[in-house]
*Asks:* 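Can you keep this structure in mind? I'll have questions shortly.
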Amino acid sequence: MTSQKLTMVTASKQPNEKTVAKNTISQAELRKMNPVQRARCLAYEQPKKEVATSLVLTNSRIREHTLKCLQETPQTMRDPEQEKQAKVVGQLKAAEARNRIRLMRFRFQCMRAQELNNLISCQPTARDAIRLEALLPRRPITVSPQVSLDRFQERVEILLEDDRELLISRIH
């Protein structure tokens with residue numbers, strides 16, 4: 001590997017100015033280097049005037065574009081009536097979406113029940129159909145706690161109203 005000769009050059013003696021590294025490697029030595037070494041050496045080079053001017057122009061265009069975009073977006077305040085209406089519209093859309101999901105689940109459960117009934121009815125023997133029916137429950141039974149408490153309360157009231165003990169007496 002050839003030794004690299006870098007000299008430090010200061011552009012001016014002001015305290016805000018940065019020290020710039022100037023590459024003193026010849027073009028012939030740069031051509032002999034592999035691309036990674038060449039890129040490392042050229043990374044510290046100042047860009048050519050054409051590149052520097054295009055960078056400045058590009059940055060100024062980007063800055064102008066961002067300022068223009070910020071100025072174009074109006075900072076309008078909506079009145080409370082419009083906000084209420086937008087909120088109601090959002091709630092209606094959410095309710096419609098929930099209803100669509102509920103209907104989709106219901107359709108899926110119905111199609112699943114029909115498929116299971118079809119599978120059971122297409123079995124070659126009754127024994128196979130009964131086995132399959134035992135293995136594949138048609139629909140999960142969901143019992144709401146309110147219904148079971150109502151039935152239990154109803155039964156307790158009937159038993160309490162039975163004065164002649166006809167419902168609880170056992171025949172031996």
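Just the heavy atoms: all of them, side chains too, but no hydrogens, waters or symmetry mates, feed the values below.
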*Asks:* Would you kindly confirm whether Ile120 and Leu136 end up in one hydrophobic cluster when ILVMFWY residues are joined by side chain heavy atoms under 4.5 Å apart?
*Replies:*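 Yes, Ile120 and Leu136 fall within the same hydrophobic cluster.
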*Asks:* When rounded to the nearest 0.5 angstrom, what is the spacing between CG in Asn59 and CD in Glu64?
*Replies:*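 If we round to the nearest 0.5 Å, Asn59:CG and Glu64:CD are 11.0 Å apart.
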*Asks:* At what distance, to the nearest 0.5 angstrom, does CZ of Arg61 lie from OG of Ser54?
*Replies:*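 Arg61 CZ to Ser54 OG: 8.5 Å, rounded to 0.5 Å.
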*Asks:* Of the non-hydrogen atoms in Arg31 and Arg38, which two are nearest, and what is the gap between them?
*Replies:*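 Nearest heavy atoms, Arg31 then Arg38: O-NH2, 3.9 Å.
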*Asks:* Give me each pair satisfying side chain to side chain donor-acceptor pair (under 3.5 Å) with a member in residues 88-99, each pair once, sequence neighbours excluded.
*Replies:*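 Matches after skipping sequence neighbours: Asn99-Arg102.
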*Asks:* Other hydrophobic cluster members with Leu92, side-chain heavy atoms of Ile/Leu/Val/Met/Phe/Trp/Tyr under 4.5 Å, chained?
*Replies:*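 Cluster partners of Leu92: Val88.
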*Asks:* Shortest non-hydrogen contact from Ile25 to Cys41?
*Replies:*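 Nearest heavy atoms, Ile25 then Cys41: CD1-SG, 3.8 Å.
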*Asks:* Near Glu115 CD, under 6.0 Å, is it more than 12 heavy atoms from other residues, nucleotides or ligands?
*Replies:*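 Result for CD/Glu115: open.
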*Asks:* Going from CD on Glu133 to CG on Asp128, what distance comes out if it is rounded to the nearest 0.5 angstrom?
*Replies:*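 Here the rounded value is 12.5 Å.
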*Asks:* Between atom CZ of Arg107 and atom CE of Met104, what is the distance when rounded to the nearest 0.5 Å?
*Replies:*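 Spacing of CZ (Arg107) from CE (Met104) equals 8.0 Å.
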*Asks:* Would you kindly confirm whether Leu132 and Leu116 end up in one hydrophobic cluster when ILVMFWY residues are joined by side chain heavy atoms under 4.5 Å apart?
*Replies:*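 Yes.
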*Asks:* State the CZ-OG1 distance between Arg131 and Thr125, to the nearest 0.5 angstrom.
*Replies:*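 If I round to the nearest 0.5 Å, the distance is 7.5 Å.
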*Asks:* Drop me the distance from Gln123's CD to Asn118's CG, to the nearest 0.5 angstrom.
*Replies:*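 Answer rounded to 0.5 Å: 10.0 Å.
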*Asks:* Please walk me through it: do Leu30 and Leu42 pass side-chain contact (heavy atoms from CB on, under 4.5 Å)?
*Replies:* CA-CA 9 Å; Leu30 277 175; Leu42 295 177; 3.9 Å; yes
